[in-house]
Novice: 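Below you will find the structure I want to go over with you.
Letters go in sequence order (proteins before strands), and every chain restarts at 1. All heavy atoms count here, side chains included; hydrogens, waters and symmetry mates do not.
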Amino acid sequence: MEYNFRAIESKWQQHWKNSGTYKVSNDSSKPKFYVLDMFPYPSGAGLHVGHPLGYIASDIYARFKRLKGYNVLHPMGYDAFGLPAEQYAIEHGVHPAVSTKQNIENFRRQLDKIGFCFDWDRQVNTSEATYYKWTQWIFLQLFKSFYNRNNSRAESINNLVAAFETTGNSDHAFPNANYKLASGSKTFSAEEWKSFDEFTQQSILMEYRLAYCGYGEVNWCEALGTVLANDEVINGVSERGGHPVVKKKLRQWYLRITAYADRLLEGLERIEFSDAMKEMQSNWIGKSYGAEIDFRILDHDDILKVYTTRPDTIFGVDFMVVAPEHELIEKITTKKHRQEVEDYLAYVKSRSERERMAEKKISGCFTGAYAINPLNLREIPVYISEYVLAGYGTGAIMAVPCGDERDFRFAKHFEIPITNILGDKFNGEDANPTYDAELQDSDFLTGMMMRDAAEVVVTDLEGYGRGKRKVNYKMRDAAFSRQRYWGEPFPIVWKNGIAYPLNEKELPLELAHVESYKPGPEGEGPLANIPAWIARDLETNTMPGYAGSSWYFLRYMDPQNEVEFCSREASDYWGQVDLYIGGTEHAVGHLLYSRMWTKFLFDLGYIGHDEPYKKLVNQGMIQGSSRFVFRIRGTHQFVSAGLKDQYETDQLHVDVNMVDGFELDTEAFKKWRNGEYANAEFILEEGKYICSAEVEKMSKSKFNTVNPDDLVEKYGADTFRMYEMFLGPVEQSKPWDAKGIEGVHRFLRKFWRLFYDEIKGRVWTEEKPTDAEYKALHKAIKKIEEDTERFSFNTAVSTFMVCANELSELKCNKKAILEPLLVLLTAYAPHTAEELWSLLGNSGSVLDASFPVFEQKYLVESVKEYPVSINGKLRTTMVLSLDATQQQVEELVLTNDTVLKWLEGKSPKKIIYVKNKMINIVV
RNA sequence: GCCCGGAUGGCGGAAUUGGUAGACGCGUCAGACUCAAAAUCUGGUAUUCGCAAGGAUGUGCAGGUUCGAUUCCUGUUCCGGGCACCA
């Protein structure tokens with residue numbers, strides 16, 4: 001009887017489906033455990049081998065916990081809204097709902113073949129109205145709430161209106177400190193509030209709402225008449241067609257995530273994320289303590305406000321730099337410098353924020369204006385440079401070239417004289433950002449340590465009313481709208497420039513059917529082209545990809561609920577996600593947004609916990625080998641990799657399936673993407689078009705995916721599962737390579753042969769095991785249990801191999817040994833385990849067995865082979881009793897021939913003996 | 001540029017707390033079985049010197065701490081992820 005994995009796997013997959021083996025109840029006497037995967041975007045390329053890496057890990061853990069007696073929730077669904085479906089619709093004219101449905105069916109087929117223990121009755125799909133009804137509902141709650149900074153939680157906006165009606169905004173200053181009423185004031189009284197017209201009142205409330213409207217910059221491509229995602233822009237031109245892209249301001253929705261900045265930081269202390277992950281999140285939030293300082297502008301009434309974390313360096317300020325978007329530029333630029341400034345601003349407009357940050361070359365220009373240092377009245381030139389970003393702080397900095405590297409290089413480039421306030425800590429060749437220097441040439445601060453001076457400066461400035469202490473965050477409010485079709489519609493109508501929420505009873509606001517996915521006028525989304533939509537004054541933007549994923553873990557708990565997003569009873573039962581598995585690429589996006597939504601729902605009392613994920617394990621990325629072609633800027637010509645340096649080119653991904661090794665199939669390329677490159681011309685080298693290659697994360701957008709189907713077909717799901725785990729630590733990124741899969745397959749066949757032989761048939765017996773056999777088993781139980789618990793699945797797989805090798809060698813075919821081993825194997829190779837379990841005469845699923853209990857008594861040893869080193873170099877080994885004392889060891893060691901040889905007659909200085917570890921002799 | 005990770009044989013990786021570097025698997029070499037092949041089994045396989053015994057070197061690179069460093073510290077190179085509209 002051979003290992004017929006195809007028959008076994010389809011038999012058990014069918015059986016699990018029919019008998020509801022993986023159905024999970026919200027009502028159980030067992031302790032609960034919630035294992036969650038980051039759900040996939042169902043791309044047209046199907047599941048690739050990178051997806052299952054995390055899913056297999058979580059599946060193993062979920063099965064392991066179930067064997068350990070838990071009621072385990074392990075659901076799966078689809079993050080189904082998104083740009084690629086819309087792109088596909090544009091290219092092929094297939095409605096995103098149709099292609100998404102097909103893609104989901106394909107994903108489901110692929111997932112089913114791998115034998116996951118998902119409870120599919122709980123599946124969610126973010127693009128279904130039954131789901132996004134509740135995404136819209138939560139959005140409305142955000143819209144109708146504000147963040148009460150007096151008690152640090154979200155509350156109904158009605159409470160704020162009530163406060164305005166009694167005390168104006170004296171207890172609730174504008175969240176945006178720069179916001180001013182038409183009168184120029186930042187405060188209003190109750191009487192004033194009541195006197196405002198509705199538009200003014202609503203505009204004011206918009207400044208407080210947790211979901212609000214504002215203006216933000218997008219990538220605008222005039223030639224395509226559309227807004228582009230960052231992904232679609234390469235070197236400042238569109239990926240499609242290579243057209244210029246500039247920034248354009250559009251009305252956008254935002255989520256006021258900055259209100260939660262402190263709580264998002266604090267919450268990190270209560271969750272088990274890796275230190276690296278916590279660090280990334282806290283760097284993203286970027287809390288800093290500093291000061292806002294007002295610099296007057298010479299010959300103007302205007303104030304240039306800067307934020308600095310180093311007020312102690314104020315006497316080292318040699319120039320000011322403002323962001324190119326800064327509102328004062330228009331006013332303060334002198335006639336003489338106007339043309340130069342305008343040219344510079346035009347250049348910056350074509351630059352993405354990323355390019356600006358990554359740029360090593362110094363650029364900038366002088367406005368002709370001077371600011372005045374408030375402490376010594378020194379006149380300081382005001383420059384514009386792209387390295388200062390409008391969104392951070394006040395969009396202006398005071399530059400201290402002796403202490404800041406970028407300021408230093410800027411000063412050198414523009415030949416601005418550098419004031420040294422660091423004495424000999426500044427060498428004139430590099431900036432020194434130290435806090436440990438005695439200030440020099442700093443007026444009344446001279447002689448003071450820098451770290452003490454900040455406080456003195458701020459106090460002094462506050463005295464003059466020229467500055468104040470300020471906590472600043474690098475994090476910005478999250479842009480929450482897209483000028484796209486395939487996303488959740490906003491349940492908002494616009495009347496006379498005022499946004500009104502739809503009545504909750506009108507939800508879901510279903511996405512209207514469109515004939516074309518072409519953008520609307522003025523950069524609006526495709527919804528703006530639908531007369532019926534416009535006639536209802538509905539918002540034409542849609543929500544971004546992360547809307548649905550910000551709360552999906554809650555919907556799994558109560559997926560069919562028609563009256564609530566999730567009942568409090570269900571969310572109280574399941575509580576936090578105990579184990580969340582997903583990639584680090586979501587470190588600051590999805591994970592921060594969903595943490596914020598959870599805190600918000602907690603504030604309003606809809607759920608009882610304020611952190612969604614108790615423990616996060618980051619699966620490493622499976623990397624693919626990408627191929628690139630080089631388009632000559634502004635043309636349809638593509639140049640082979642070896643010749644690219646002779647031209648100015650943009651590097652574009654091509655589908656690895658059109659490339660043989662490195663050689664591009666140019667005819668396939670012309671037909672690719674529905675003829676996008678039909679008129680491409682090629683500059684070849686030696687008659688071939690050679691692509692360049694890079695190892696990158698495996699992703700549909702990089703066209704480098706490898707599909708698991710063939711491997712599952714050839715070797716079976718159990719082999720595939722164990723092989724993906726055997727590749728290496730789950731947290732580590734690794735390039736995909738299928739060449740080792742044979743070894744895992746051989747192991748499973750070998751394992752099978754412990755039970756059934758191809759010739760003899762059944763070989764397993766009821767005989768009593770020997771000590772050696774028990775030892776092999778219990779070593780495996782211990783190691784596999786520990787390894788599974790700590791997510792070290794690769795070493796667990798190798799332990800299975802070691803154990804099977806040992807049992808083969810011992811010729812052990814005894815049920816008393818093999819049966820517990822099967823239970824261990826269930827989490828890793830569920831089909832094989834089920835089949836053998838039933839062949840051993842058991843009824844029911846092996847998942848309902850209980851995890852074998854490790855017994856130390858089988859592993860007790862009395863002696864150990866110790867490594868013996870001389871001066872740290874291993875020279876020999878000695879078998880010694882485990883309870884040997886230091887003195888006994890010293891005596892024994894000195895009788896060893898090898899030791900004596902290396903001692904060369906000298907007596908050892910010291911003998912280090914670490915029990916159960918090693919012996920080292922120092923000469 | 002900034003933030004976060006990673007680097008160990010021909011390859012994927014192991015070494016859980018500073019204690020025998022290379023478990024397990026792939027590949028490869030030799031052998032057994034076979035008319036032959038597949039499958040299976042046995043043995044070898046970091047580099048290097050040596051007939052061997054036995055040495056020397058070795059965890060990206062350069063230093064440091066330690067009786068002892070893949071592991072800790074400092075610096076550095078290369079690769080990967082993220083940087084706010086891919087999801």
Side-chain angles (χ1 to χ4, degrees), chain A residues 38-41 43 79 81-84 87 216 218-219 227-233 252 274-277 279-280 282-284 286 353-360 387 391 405-406 475-479 481-484 544-546 549 583-590 592 618 620-621 623 694-697 699-702 723 726-729 731-735 737 739-744 746-747 749-750 753 758 786-787 790 792 794-795 797-802 805 808 865-874 876-877 909-912 914 916-923:
Chain A
M38 289 185 184
F39 60 170
Y41 173 78
S43 85
D79 190 11
F81 274 133
L83 197 51
Q87 254 344 313
V218 295
N219 300 315
V227 174
L228 296 176
N230 288 335
D231 242 28
E232 301 174 298
V233 182
Q252 302 283 357
S274 67
D275 289 343
M277 178 63 59
E279 215 171 319
M280 277 189 267
S282 86
N283 288 343
W284 181 267
E353 206 169 284
R354 178 94 50 91
E355 287 173 317
R356 284 171 56 176
M357 285 188 289
E359 184 60 70
K360 284 187 219 171
Y387 80 89
E405 188 54 41
R406 273 186 312 188
M475 181 166 67
R476 312 197 287 256
D477 281 339
S481 48
R482 303 289 182 260
Q483 291 69 48
R484 300 282 177 183
Y546 62 83
S549 60
T584 43
E585 67 267 36
H586 299 284
V588 288
H590 160 65
L592 275 175
N618 289 117
M621 253 150 301
Q623 293 159 329
E694 269 173 42
V695 172
E696 298 181 292
K697 74 169 174 176
S699 162
K700 154 87 168 148
S701 65
K702 301 187 190 301
Y723 179 60
F726 190 59
L727 275 178
E731 301 95 331
Q732 198 173 299
S733 291
K734 52 231 152 197
D737 193 343
K739 75 178 178 215
I741 196 168
E742 292 274 359
V744 175
R746 266 176 222 147
F747 154 74
R749 297 163 70 111
K750 189 168 192 173
R753 283 200 307 273
E758 269 140 67
E786 284 172 2
D787 285 356
R790 69 188 175 100
S792 179
N794 56 328
T795 53
V797 173
S798 84
T799 304
F800 279 116
M801 292 173 171
V802 170
N805 290 346
S808 296
E865 187 185 23
Y866 281 90
V868 181
S869 301
I870 290 148
N871 286 338
K873 278 196 201 297
L874 179 73
T876 186
T877 60
K909 230 182 244 168
K910 196 172 168 189
I911 296 177
I912 294 155
V914 183
N916 209 13
K917 293 279 188 203
M918 45 60 71
I919 295 160
N920 187 22
I921 300 155
V922 187
V923 187

Novice: I want to check one thing: is the phosphate of B:G13, taken as OP1 and OP2, less than 4.0 Å away from some side-chain N or O of A:Gln732?
Specialist: yes
Novice: Which part of the nucleic acid, if any, lies within contact of A:Asn805, taking any heavy atom under 4.0 Å across all strands shown: a base, the sugar-phosphate backbone alone, or nothing?
Specialist: sugar-phosphate
Novice: Specify the residue among A:Met918 and A:Val922 whose closest nucleotide of RNA chain B lies further upstream toward the 5′ end.
Specialist: A:Met918
Novice: Looking across every strand, which nucleic acid part, if any, lies under 4.0 Å from A:Arg406 by heavy atom: base, sugar-phosphate, or nothing?
Specialist: nothing
Novice: Using O4'-C1'-N9-C4 for purines and O4'-C1'-N1-C2 for pyrimidines, with syn meaning within 90° of 0, is B:G50 syn or anti?
Specialist: anti
Novice: Under 4.0 Å, counting only non-hydrogen atoms across every strand here, what does A:Gln623 touch: a base, just sugar-phosphate, or nothing?
Specialist: sugar-phosphate
Novice: For B:G19, give the paired nucleotide (Watson-Crick: N1-N3 plus N6-O4 or O6-N4; G-U: N1-O2 and O6-N3; both under 3.5 Å), or none.
Specialist: B:C67
Novice: In this structure, how many angstroms lie between the P atom of B:C3 and the CE atom of A:Met280, rounded?
Specialist: 13 Å
Novice: Taking only the side-chain nitrogens and oxygens of A:Arg746, find out if one of them lies under 4.0 Å from OP1 or OP2 of B:C26.
Specialist: yes
Novice: Just checking A:Lys734: base, sugar-phosphate only, or nothing, at a heavy-atom cut-off of under 4.0 Å?
Specialist: sugar-phosphate
Novice: For a quick check of understanding: with a heavy-atom distance under 4.0 Å over all strands, which category does A:Val233 fall into, base, sugar-phosphate or nothing?
Specialist: nothing
Novice: Suppose you measure atom C1' in B:U45 against the same atom in B:A39; what distance do you get, rounded to whole Å?
Specialist: 23 Å
Novice: Under 4.0 Å, heavy atoms only, any strand: does A:Met38 hit a base, just the sugar-phosphate, or nothing?
Specialist: nothing
Novice: Give a yes or no on whether a donor-acceptor pair under 3.5 Å exists between the nucleobase atoms of B:C85, that is its base, and the side chain of A:Gln483.
Specialist: yes
Novice: Compare side-chain N and O positions of A:Arg354 against OP1 and OP2 of B:C85 and report whether any pair is under 4.0 Å apart.
Specialist: no
Novice: Can you measure from CG (A:Asn871) to CG (A:Asn920) and round to the nearest 0.5 angstrom?
Specialist: 7.0 Å
Novice: Going by purine N1 to pyrimidine N3 plus the second Watson-Crick contact, or the G-U wobble pair, all under 3.5 Å, which nucleotide sits opposite B:G50?
Specialist: none
Novice: With rounding to the nearest 0.5 angstrom, report the CD to CZ distance, A:Gln87 to A:Arg484.
Specialist: 6.5 Å
Novice: Using only side-chain N and O atoms of A:Arg482, determine if any of them is under 4.0 Å from OP1 or OP2 of B:C85.
Specialist: yes
Novice: Restricting to non-hydrogen atoms, name the atom on A:Ser549 and the atom on A:Asp79 that form the minimum distance, rounded to 0.1 Å.
Specialist: CB-OD2, 4.1 Å
Novice: Does the side chain of A:Leu83 come within less than 4.5 Å of A:Glu232's, by heavy atoms?
Specialist: yes
Novice: For B:C2, which nucleotide in any strand shown is its Watson-Crick or wobble partner with both distances under 3.5 Å?
Specialist: B:G82
Novice: Applying the Watson-Crick and G-U wobble criteria at under 3.5 Å, what pairs with B:A32? Answer none if nothing qualifies.
Specialist: B:U40
Novice: Is there a Watson-Crick or G-U wobble partner for B:A62 with both distances under 3.5 Å, and which nucleotide is it?
Specialist: B:U74
Novice: To the nearest 0.5 Å, what is the distance between NZ (A:Lys917) and CD1 (A:Ile912)?
Specialist: 15.0 Å
Novice: What does A:Asp737 touch in the nucleic acid at a heavy-atom separation under 4.0 angstrom: a base, only the sugar-phosphate, or nothing?
Specialist: nothing
Novice: Counting the atoms with a prime plus P, OP1 and OP2 as sugar-phosphate, which does A:His590 contact under 4.0 Å by heavy atoms, base, sugar-phosphate, or nothing?
Specialist: nothing
Novice: Pick base, sugar-phosphate or nothing for A:Glu359, based on heavy-atom distances below 4.0 Å to the nucleic acid.
Specialist: nothing
Novice: Return whichever of A:Asn230 or A:Lys750 has its heavy-atom-nearest nucleotide of RNA chain B closer to the 5' end.
Specialist: A:Lys750
